[in-house]
Amino acid sequence: MFFKKKQIEKIDMNRLPVHIGVIMDGNGRWAKKRGLPRSAGHKAGADSLKKIVTACNKMGIKYITVYAFSTENWSRPKEEVEYLMNLLLSYLRDAENTLAGENVVIRAIGSRAELSEEIQEQIIKTEKFTANNTGIVMNIALNYGAREELTTAVKAIVEEGISVEEIDADLISSKLYTKDQPDPDLLIRTSGEIRLSNFMLWQLAYSEMYFTDKLWPDFSVKDLEAAIIEYQRRNRRFGGV
Ligand code: FPP
């Protein structure tokens with residue numbers, strides 16, 4: 001009897017990406033296609049995210065960074081910004097129960113000062129609550145922009161009076177929100193857009209890029225597996241030969 005190999009069996013579990021970055025794009029278009037408000041797309045996007053994080057954790061991926069709200073997203077209509085902020089708040093609250101139960105460590109990266117006090121407090125609570133978990137680290141990029149991150153890093157270096165001789169790539173990495181974490185091996189962007197949109201510009205220097213037409217709410221565990229299989233087909237040379 002011949003059995004077709006299941007997709008997940010094609011993944012080499014010894015060569016998994018350690019860190020995956022995700023630009024979760026296409027929520028609005030997903031909703032529009034169904035005649036629903038954009039908020040319904042974001043809600044479906046949040047559900048999709050939970051499934052993907054859970055699957056990554058089960059597989060043994062160590063870090064995932066997801067772009068939830070960029071420093072540029074404030075320019076969206078007020079109701080949409082409000083909806084996203086409320087969704088994030090309830091996601092963080094809920095994550096204390098569901099994702100924490102799955103051993104996920106949750107962190108927020110980005111500039112916090114512009115976020116409401118309620119969200120800032122919830123971030124601290126959720127981070128504290130999940131800090132001792134031992135599973136995947138999930139960075140939620142929230143009011144995140146790579147240029148803001150790098151600008152803040154430069155200011156810190158100057159303020160700390162660090163000498164020119166001491167400044168190197170490792171020093172700069174140590175001033176970013178992702179300090180102490182490896183750079184992403186794989187970046188996934190959904191919805192057919194092929195750009196970085198100010199996401200982890202420093203950390204993505206040698207990452208493999210995977211773009212798919214799937215809209216984020218439709219991005220399934222099968223699609224995640226396909227992305228990892230494609231990643232494993234690539235030959236990473238890091239500038240060597
Ligand atoms: C891009 O889709 C998506 C966002 C700007 C927000 C991402 C948010 C989520 C996936 C859900 C919330 C996340 C958490 C952590 C609760 P878009 O609105 O730009 O879609 P479009 O390009 O089709 O309009």
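Just so it is clear, the structure is predicted and the values come from calculations on it, not from any experiment. Read the numbers this way: they start at 1 and go in the same order the structure lists the ligands and their atoms.
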**OP:** Find out whether Ile162 and Leu171 are in side-chain contact, i.e. whether some heavy atom of one side chain is under 4.5 Å from a heavy atom of the other.
**Re:**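 Yes, close enough: below the 4.5 Å cut-off.
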- Should Tyr144 and Ser111 count as side-chain neighbours, where that means a heavy-atom distance under 4.5 Å?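 No; the side chains remain at least 4.5 Å from each other.
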What is the closest protein heavy atom to [atom], and at what distance does it sit?
atom                    : value
atom 9 (C) of ligand 1  : Asn27 ND2, 3.5 Å
atom 11 (C) of ligand 1 : His42 O, 3.5 Å
atom 1 (C) of ligand 1  : Met24 O, 3.3 Å
atom 14 (C) of ligand 1 : Leu88 CD2, 3.6 Å
atom 22 (O) of ligand 1 : Arg29 NH2, 2.9 Å
atom 20 (O) of ligand 1 : Gly28 N, 3.0 Å
atom 24 (O) of ligand 1 : Arg38 NH1, 3.0 Å
atom 6 (C) of ligand 1  : Ala68 O, 3.3 Å

I'd like to know whether CZ of Arg34 has more than 12 heavy-atom contacts from other residues, nucleotides or ligands below 6.0 angstrom.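 Counting neighbours around CZ of Arg34, more than 12 heavy atoms of other residues, nucleotides or ligands fall under 6.0 Å, so yes.
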Problem set entry | Test item: side-chain donor near acceptor, His42 and Glu80, under 3.5 Å |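 Judged by distance alone, the side chains do pair up.
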* Identify whether the distance between the nearest side-chain nitrogen and carboxylate oxygen of Arg234 and Glu208 falls below 4.0 Å. =>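 Glu208 and Arg234: salt-bridged.
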- Verify, without hydrogens or angle tests, whether Glu160 (side chain) and Ile157 (backbone) share a donor-acceptor contact under 3.5 angstrom.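 Here the side-chain-to-backbone pair does not exist.
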request  = Give a yes or no answer on whether the side chain of Ser90 reaches the backbone of Leu87 with a donor-acceptor pair at less than 3.5 Å.
outcome  =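 Present.
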With nothing but distance in play, are any N or O atoms of Tyr91 less than 3.5 Å from an N or O of ligand 1?
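No - when backbone and side-chain N and O of Tyr91 are compared with those of ligand 1, no distance drops under 3.5 Å.
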ask   = Taking only residues at least two apart or on different chains, which pairs with a member in residues 71-121 satisfy ring pair (Phe, Tyr, Trp, His ring centres under 6.0 Å)?
value =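 Counting only pairs at least two positions apart or across chains, the ring pair (Phe, Tyr, Trp, His ring centres under 6.0 Å) contacts touching residues 71-121 are Phe69-Trp74.
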Output side-chain donor-acceptor pairs under 3.5 Å for residues 46-56, partner residues at least two apart or in another chain, one line each.
{"residue": "Asp47", "atom": "OD1", "partner": "Lys43", "partner atom": "NZ", "Å": "3.2"}
{"residue": "Asp47", "atom": "OD2", "partner": "Lys43", "partner atom": "NZ", "Å": "3.1"}
{"residue": "Ser48", "atom": "OG", "partner": "Trp216", "partner atom": "O", "Å": "3.1"}
{"residue": "Ser48", "atom": "OG", "partner": "Phe219", "partner atom": "O", "Å": "3.3"}
{"residue": "Lys50", "atom": "NZ", "partner": "Asp94", "partner atom": "OD2", "Å": "2.6"}
{"residue": "Thr54", "atom": "OG1", "partner": "Lys50", "partner atom": "O", "Å": "2.7"}
{"residue": "Thr54", "atom": "OG1", "partner": "Glu102", "partner atom": "OE1", "Å": "3.4"}

Numbered atoms of ligand 1 (with element) below 4.0 Å of [X], judged on heavy atoms:
X      : value
Trp216 : 10 (C)
Leu49  : 15 (C)
Asn73  : 5 (C)

At under 4.0 Å between heavy atoms, is it the side chain or the backbone of Arg76 that contacts ligand 1, or both, or neither?
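Contact part for Arg76 vs ligand 1: side chain (C-beta onward).
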Does at least one non-hydrogen atom of Ser191 fall below 4.0 angstrom from an atom of ligand 1?
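No, Ser191 has no heavy atoms under 4.0 Å from ligand 1.
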